[in-house]
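Everything below concerns the one structure shown next.
Letters A, B, ... mirror the listed sequences (proteins, then strands); counts begin at 1. Keep in mind it's a predicted model, so treat the numbers as computed, not measured. All heavy atoms count here, side chains included; hydrogens, waters and symmetry mates do not.
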Amino acid sequence: MTFEPLHAGFYEQPTLELARALLGKRLVKETPEGTAAGWIVETEAYIGPMDRAAHSYNNRRTARTEVMFGPSGHAYTYVMHTHCLVNVVSGGEGNPEAVLIRAVEPFEGIGLMISRRGPVKQASELASGPGKLTKALGITPADYGLPLTAPPLYIAEGREPTEISVGPRIGIPNSGEAKDYPWRFWEAGNPCVSGSRRLRTAPG
DNA sequence: AAGTGGATTGGCT
DNA sequence: GCCAATCCACTTG
């Protein structure tokens, strides 16, 4: 099954707005094994030169960050420890900004996701983290630089998120003030958001 | 040429 | 909560 990709203009909005707007959209990856897709339920914004947590902090331009300096709407993939993470490039040409996709809710190709991820207790755990979702959807470092406006990797219209929560980003304790910026967005109460299992016992 | 440190995850205490 | 797994970009010599 194929969905209609969002047009390139969608990615022209400011990065913080884009991070919100991506919630509820569908992230789709087509491979020879089949199509896997999920609703985006968690994102984080990384805003170039002034964001110490961003790889492009201080306009650092290297082979890895090169795609961030290019046009919006392309994929920035990179390897973290043993996992691949995927970002949506934003900010427009010359502005190295991006939105990290941190979690999706499985929508299509769930059997395929299970075969890639191995057995999980709950379907909500299949893609409830930035490294999990790339494995579940089959996104790899080979997807670096791909436009998100056409197969095999693209984002399509989805649903309206019920309620959006905002908070500081995850896993950047050594980034000075930047660690407290409220640049993480997620669907309130959605069990597919990263860390949901951990937080389930301590809600307010 | 070698060392360092992650935008993580899963398993064990 | 702690820690190993395991890889690569980037820095330093």
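- Within residues 91-101 of chain A, the residues that place at least one heavy atom under 4.0 Å from DNA chain B are, in residue-number order, A:Leu100.
- In this structure, A:Arg60 reaches the C:dT11 phosphate: one of its side-chain N or O atoms is under 4.0 Å from OP1 or OP2.
- Here A:Arg169 lies out of heavy-atom contact (under 4.0 Å) with every strand.
- Nucleotide C:dA9 holds its P atom 18 Å from the CZ atom of A:Arg61, rounded to whole Å.
- Looking at A:His55, its side chain comes within 3.5 Å of the base of B:dA7 through a donor and an acceptor atom.
- The residues A:Glu177 and A:Arg52 are annotated as not salt-bridged, no charged nitrogen and carboxylate oxygen being separated by less than 4.0 angstrom.
- Ion pairing between A:Glu125 and A:Lys132 fails under the 4.0 Å rule for side-chain N and carboxylate O.
- Across all strands shown, B:dA7 forms no Watson-Crick or G-U wobble pair with both key distances under 3.5 Å.
- A close approach under 4.0 Å does not occur between any side-chain nitrogen or oxygen of A:Asn174 and OP1 or OP2 of B:dG5.
- Using a 4.0 Å cut-off, some side-chain N or O of A:Arg102 falls inside it from OP1 or OP2 of B:dT8.
- The six-membered or imidazole ring of A:Tyr78 lies near that of A:His55, with a centre-to-centre distance under 6.0 Å.
- Classification of A:Glu105 and A:Arg26 as a salt-bridged pair fails, no side-chain N sitting under 4.0 Å from a carboxylate O.
- Between A:Arg184 atom CZ and B:dT8 atom C1' the separation is 14 Å, expressed in whole Å.
- Taking atom CD1 on A:Ile170 and atom P on B:dG6, their separation rounds to 16 Å, with Å as the unit.
- Of the side-chain N and O atoms in A:Arg117, one or more sit less than 4.0 angstrom from OP1 or OP2 of B:dG10.
- A:His83 places its NE2 atom 5 Å from the C1' atom of B:dT8, with the value rounded to the nearest Å.
- For A:His81, taking side-chain heavy atoms from C-beta onward, the closest of the listed nucleotides C:dC10, C:dA5, B:dA7 is C:dA5.
- Note: A:Tyr76 and A:Phe69 fail the aromatic proximity criterion, with ring centroids not under 6.0 Å apart.
- Considering every non-hydrogen atom in both A:Val104 and A:Cys192, the closest pair reads O-CB, 3.9 Å.
- Rounded to a whole Å, the CE atom of A:Met68 is 16 Å from the P atom of C:dA9.
- Taking a cutoff of 4.0 Å between a charged side-chain nitrogen and a carboxylate oxygen, A:Arg169 and A:Asp180 do not qualify as a salt bridge.
- In this entry C:dT6 has no Watson-Crick or G-U wobble partner, no candidate having both defining distances under 3.5 Å.
- Remark: the A:Gln13 side chain and the A:Tyr11 side chain contain no N/O donor-acceptor pair separated by less than 3.5 Å.
- Taking atom CG on A:Asn87 and atom P on B:dG6, their separation rounds to 17 Å, with Å as the unit.
- If you take OH of A:Tyr78 and P of B:dT8, they are 6 Å apart, rounded to a whole angstrom.
- Here the nucleotide nearest the side chain of A:Thr62, chosen from C:dC8, C:dA9, B:dT8, is C:dA9.
- Between A:Tyr46 and A:Glu125, the one whose closest nucleotide on DNA chain B sits nearer the 5' end is A:Tyr46.
- For the pair A:Lys132 NZ and B:dG10 C1', the computed distance is 9 Å after rounding to whole Å.
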